[in-house]
Amino acid sequence: MTAPTGRTGLDARLVVPGRLDATLAADPGDVVAVVGPNGAGKSTLVHALSGLLPAEGHALLGGTDLLTRTPPARNVGVVFQDQRLFPHLSALDNVAFGLRSRGVPRPDARAAAAEWLERLGIAELARRRPAQLSGGQAQRVAIARALVTSPDLLLLDEPFSGLDVGVAATLRIELGRHLSDFRGVTILVTHDALDALTLASAVVVLDTGAVAQVGTPADVAARPLTEHVARLVGLNVIRDGDRLRAFSPSAVTVSVHAPADSTRNRWQGVVRGAAPHGDAIRLQVSGEVDLIADVTPAASRELALVPGQPVWLSVKETAVTTYAG
Amino acid sequence: MTHLETTPRRRTGDPLGRAPWILLLPAAGAVLLLLVPIASMVVATDPRSLLEALGTEALQDALRLSLVTSTLAMLVCLVLGLPLAWLLARVDFRGRGLVRALVTVPMVLPPVVAGVALREAFGRSGLLGAPLLDATGFAFPYTTWGVVLAHVFVSLPFVTIAIEGGLRSAGTRYDDAAATLGASRWSTFRRVTVPLALPGIIAGMVLGWARSLGEFGATITFNGNYPGTTQTMPTLIYVARQSDADAALALSLVMLTVSVAVLVVLRDKWLVTAP
């Protein structure tokens with residue numbers, strides 16, 4: 001993430017007592033992914049920026065402090081987690097709503113809305129009510145509704161949650177295209193490491209209401225500072241004094257007897273779960289530290305790696321990344 | 001599971017099983033309690049006296065007055081009650097609980113007391129009535145407007161509470177979405193809040209209309225019983241009952257028919273098709 005310009009970028013410190021105390025900075029065109037476990041304050045952050053939740057601090061955007069303005073005066077576009085398309089309006093009128101609110105005459109607002117539906121590939125659904133749309137179609141309408149007013153700040157609150165995997169994948173690619181055209185700042189709240197890695201230019205990790213890590217997606221994915229992100233990106237991260245050591249589950253060797261070599265990277269534990277992961281079987285092992293390990297299906301059968309089985313895990317030092325935590 | 005001889009009986013109806021008797025019996029009792037008096041009235045009415053009653057001018061005047069005043073009262077209740085319900089459901093202000101409690105007071109007040117209270121406020125020498133009379137020469141009591149005022153007073157709580165319930169169950173999620181899209185509160189009210197709460201609003205209006213149609217105590221206390229200006233169906237029936245029980249029965253049946261007919265029409269036109 002780059003330093004804020006202070007002119008059209010976002011420079012915010014948001015405080016919601018007991019729930020959130022976070023600073024956030026972004027340049028125009030940036031897509032900031034906000035990740036973190038449930039209750040970390042992700043939705044609070046979105047609602048504070050949209051104005052639906054009162055917050056202290058400041059949120060400078062284009063030279064004005066958003067927090068001094070009412071929600072309608074903020075020029076912020078929101079895609080809600082539950083979409084909130086107006087059920088009594090057609091898809092077209094849902095998209096035209098924001099323009100109508102800004103005093104655009106109905107024919108012009110509808111024409112602009114139709115253009116956005118066209119861009120999202122759902123022009124033929126213009127007359128449908130939200131109840132007649134599939135999840136992916138409704139989410140497209142919600143995205144069009146948020147973008148049609150050219151907001152200075154676009155807030156996407158878990159835009160792919162609740163969608164089928166395939167639908168989410170298509171929509172993620174499309175959204176990436178629209179976001180690259182978008183001149184404002186985008187805040188993308190997500191549960192999915194893939195969203196952060198593919199769409200974001202910066203990642204902010206929230207934990208218990210505070211910023212736990214800020215960085216580029218690649219950096220955060222390679223050197224996660226929180227257990228939540230480690231799990232999201234599928235890495236083992238263990239604390240070693242004031243440093244963190246990360247390694248991939250595929251680098252872990254699993255055996256039922258203690259390994260002969262006395263490497264310090266070995267742990268004893270009990271298999272808690274086993275599930276297919278790509279071509280491998282991913283084991284959840286709990287012991288003095290909780291780890292994940294990928295083994296081949298053949299090895300899994302051979303070693304009888306079923307829940308309850310005590311195992312030894314080890315990893316070569318060369319496969320471990322050590323960094324300051 | 002044993003063998004084929006225990007052919008499983010195909011289960012029909014509710015997968016949770018039959019409704020228990022301990023709930024069915026009181027429910028049936030409730031239906032009987034409501035239906036038997038009405039059915040008895042229908043059975044007891046002499047068709048000739050019904051035709052006779054229909055031809056009288058008194059009935060036609062009272063029926064017309066009842067329908068006109070109830071409808072006017074319903075519209076006034078909508079204009080005043082919808083904003084009040086919105087305020088109670090959507091705006092967090094000090095004393096909201098107190099206002100809501102005050103609004104419900106007329107619901108528990110005996111209608112006669114409501115009539116007395118209206119007299120003290122809007123009577124010719126009332127708190128507001130006296131200055132009104134001085135300024136305009138108009139006084140509510142013993143006029144058709146007085147009937148409407150009495151109807152509004154007793155119906156407004158029902159309308160307000162019903163609409164507030166509709167607004168609350170519609171929730172604020174869509175209001176919030178409208179705000180982020182740049183809509184002012186007034187614009188949100190018109191374009192989002194009201195359309196989404198429409199079923200509750202219509203239910204409130206029907207309730208208010210029905211309450212007005214049946215209003216007796218406050219109306220007669222405040223306005224007396226003058227054919228053509230303040231004599232509504234309930235007051236006409238009350239007067240008839242004192243001289244001619246058969247006529248009162250016929251009038252009651254007419255009122256029953258009209259009420260049911262209006263509710264059925266409203267139901268077909270509004271309540272079912274409402275989103």
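To find a chain, count down the sequence lines: A is the first, B the second, and so on, and within it residues start at 1.
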K.L.:
May I have the step-by-step check of side chain to side chain contact (heavy atoms under 4.5 Å, CB included) for A:Arg100 and B:Ser187, ending in yes or no?
P.N.:
CA-CA 10 Å; A:Arg100 295 283 294 135; B:Ser187 172; over 6 Å; no

K.L.:
At a 4.5 Å cut-off on heavy atoms, which part of A:Leu89 comes close to chain B: side chain, backbone, both, or neither?
P.N.:
neither

K.L.:
Surrounding CD of A:Gln132 (heavy atoms of other residues, nucleotides or ligands, distance under 6.0 Å), is the total greater than 12?
P.N.:
yes

K.L.:
May I ask you to name which of A:Gly77, A:Gly51, A:Gly98 has the most heavy-atom pairs under 4.5 Å with chain B?
P.N.:
A:Gly98

K.L.:
Give, for atom CG of B:Asp176 and atom CZ of A:Phe80, the distance between the pair rounded to the nearest 0.5 Å.
P.N.:
6.5 Å

K.L.:
Write down the atom of A:Ser101, the atom of B:Leu181, and the distance for their closest heavy-atom approach.
P.N.:
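Between these two residues, the closest heavy atoms are CB-O, 3.5 Å.
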
K.L.:
Please say whether more than 12 non-hydrogen atoms of neighbouring residues, nucleotides or ligands are located less than 6.0 Å from CG in B:Leu23.
P.N.:
yes

K.L.:
Can you tell me if CZ on A:Arg13 sees more than 12 non-hydrogen neighbours from other groups inside 6.0 Å?
P.N.:
no

K.L.:
Treating B:Arg191 as the side-chain partner and A:Phe97 as the backbone partner, does any N or O pair qualify as donor plus acceptor under 3.5 Å?
P.N.:
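Confirmed, B:Arg191 side chain pairs with A:Phe97 backbone.
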
K.L.:
By a 4.5 Å heavy-atom criterion (distance strictly below it), what part of A:Asp82 contacts chain B: side chain, backbone, both, or neither?
P.N.:
both

K.L.:
Which atoms of A:Arg102 are under 4.5 Å from chain B, going by heavy atoms: the side chain, the backbone, both sets, or neither?
P.N.:
side chain

K.L.:
Heavy atoms only: give me the nearest A:Phe86-B:Tyr174 pair and the separation to one decimal.
P.N.:
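Answer, listing the atom of A:Phe86 first, then B:Tyr174: CE2-O, 3.3 Å.
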
K.L.:
Quick one: which of A:Ala73, A:Pro87, A:Ser50, A:Pro71 has the most heavy-atom pairs under 4.5 Å with chain B, could you say?
P.N.:
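Most pairs with chain B among the choices: A:Pro87.
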
